[in-house]
Amino acid sequence: MAAAGLPASAAAQAKHGSSPAAAPETTWVLPTDQAALEGDPEADAVIDQLVRADQMTVANQVFHVWTRNDQPVPAAAPPVLRDFLQRNVVLSVEEQAAVDRVAHGETIKLLQSNMEALTVTEAFGGLFAALADPLLAKSVWYAKYDLVMDIGRRFSRTMNTLWDMTGHNGWDPSGNAPVTLVKLRLVHAAARHMGLAHGWDRVRNGMPISQRLEVEELMYVGAYNVQLAAKYGFHPTRRQIDELMTMVRVGGRLLGIEDKYNPQTIEQANQVLTDAAANHRASSDEGIKLAHNMLDWMDRKIFPGAGAIGASMVRMMDTHVADVLEIRTNPPLDASIATLAPYLYRPAYEVQQKFPLLAQTHAQMFKIASQMVAWYAVDFRDYDLQMPTG
């Protein structure tokens, strides 16, 4: 598949009405040791200037009111912020054509008709797998903000970002996919600044939210979920997978991932996931605490006992991730979840006929999935993506 992303200079040309020539396809490089040392110099410089000028609060106020692709950057934005947002939110001609194809292709319809399945897959798959990477978990922990004790906020923001990309009009002028992703790029830069300012050991751990970690986390809301969804009998076609990778790649460019590290195909994406599982997965205090905070949050937010079902869902998705995060086994519940999960979205009477003794567990699983989607739709659809400031 041809590379979809263009550097910011090409995007800037598109903004001013010219049609840049198609960029040559970049030779892809697996983001490993070198990428772990690299941040996002352009975004990091913006955050440094905002911090020095004591303008982070103003910047967050701009974020609060700037939410649509066709909306100009508010006049109140500090000049360095306005310049960054105006230059980076615009899609190149090639990128716009790519997302238009996806918006009218098969993948969006497939994703939108399976939102509950995708919610559960991301919540108990990608989000927990990210916490099993010590440096990803440490990056979240060092950012502090509201993400440590109330990890549910991170879930809401992850899902909103994913669904802004896959909504029926997210890439249209009335949508908000590019706006959300460019804002998230600066949130990551602000979190990097927080880590470096509060004791992050750069010699030992490289850069917080480095290029390697950015790519890995993007794959956890893309290719990883394609792998896990097979456990639900959810098998996208090759065309659908290619369309999804096109959209994910454009999203990666908007997030500030360097072109050479931004996967172009599902095979490259799977290489990132294989490398992460083999070389970057280990227990950490931060990852374990964040994972258990998430399960505790489920008990508070959904109903007592939902965290136990969630723990079994994590184990079903990836046993190794569950072990790394010290999520205890619960043999009866684990077996029930593993048996029923592929039937989660089938009519209840089918489950009752085939597994009468497990009907209640199935009902509880479906309740969790439904409440997650309802909670997203009611409580967090207008979520406020803000940068950490202290």
Side-chain angles (χ1 to χ4, degrees), residues 114-132 140 146-163 221 225 228-229 231-232 234 287-319 321-323 325-383:
N114 290 275
M115 276 301 182
E116 284 186 342
L118 291 172
T119 300
V120 172
T121 303
E122 171 58 23
F124 303 111
L127 191 149
F128 279 88
L131 298 179
V140 174
D146 61 354
L147 299 179
V148 176
M149 294 310 296
D150 189 3
I151 191 67
R153 295 288 290 176
R154 182 167 190 260
F155 164 74
S156 73
R157 287 170 178 171
T158 299
M159 294 312 303
N160 271 278
T161 300
L162 175 65
W163 289 345
V221 296
N225 289 335
L228 296 180
K231 297 187 178 186
Y232 292 100
F234 182 87
I288 292 167
K289 289 175 182 176
L290 289 167
H292 286 271
N293 285 347
M294 179 66 175
L295 298 174
D296 292 342
W297 166 83
M298 290 180 61
D299 283 331
R300 299 192 308 273
K301 183 68 180 182
I302 302 175
F303 58 79
I309 295 177
S312 292
M313 291 292 288
V314 175
R315 186 161 293 280
M316 188 212 74
M317 294 289 182
D318 194 321
T319 300
V321 167
D323 289 341
L325 297 176
E326 297 186 5
I327 294 173
R328 295 177 182 175
T329 59
N330 184 338
L333 188 56
D334 292 347
S336 298
I337 297 300
T339 301
L340 288 171
Y343 294 88
L344 184 57
Y345 306 102
R346 296 184 184 181
Y349 69 85
E350 289 187 13
V351 178
Q352 292 169 0
Q353 287 177 343
K354 189 164 186 177
F355 305 105
L357 298 179
L358 299 178
Q360 184 61 34
T361 302
H362 174 269
Q364 293 288 72
M365 291 168 61
F366 189 84
K367 182 179 179 182
I368 287 177
S370 298
Q371 286 193 335
M372 280 185 165
V373 174
W375 171 59
Y376 153 78
V378 174
D379 291 347
F380 285 96
R381 190 63 197 91
D382 295 320
Y383 77 121

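Heavy-atom basis, side chains included; hydrogens, waters and symmetry copies ignored.
- You'll find the side chain of D299 stays beyond 4.5 Å of the side chain of L295, heavy atoms only.
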Give the table of side-chain donor-acceptor pairs shorter than 3.5 Å for residues 335-342, with sequence neighbours excluded, one pair per line with atom names and distance.
from	atom 1	to	atom 2	distance (Å)
S336	OG	P332	O	3.0
T339	OG1	A335	O	2.8

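- Atom CE of M313 sits about 9.5 Å away from atom CD1 of I309, to the nearest 0.5 Å.
- Residues F128 and F124 come closest through the heavy atom pair CD1-CA, 3.8 Å.
- Separation of atoms CD (E122) and CE (M317) is listed at 9.5 Å; rounding is to 0.5 Å.
- Atom CE in M294 sits 12.0 Å away from atom NZ in K301 (nearest 0.5 Å).
- The heavy-atom pair separating G125 from L228 by the smallest distance is CA-CD1, 3.5 Å.
- Scanning for side chain to side chain contact (heavy atoms under 4.5 Å, CB included) contacts around A132 gives R281, V321, V324, L325, with sequence neighbours left out.
- Heavy atoms only, all atoms of each residue included: E326 and H292 are closest at O-NE2, 3.1 Å.
- Residues forming a side chain to side chain contact (heavy atoms under 4.5 Å, CB included) with D334 (at least two apart in sequence, or on another chain): S312, R315, T329, N330.
- The ring pair (Phe, Tyr, Trp, His ring centres under 6.0 Å) check on F355 picks up Y343, with sequence neighbours excluded.
- Here the closest non-hydrogen pair linking A311 and I327 is CB-CG2, 3.5 Å.
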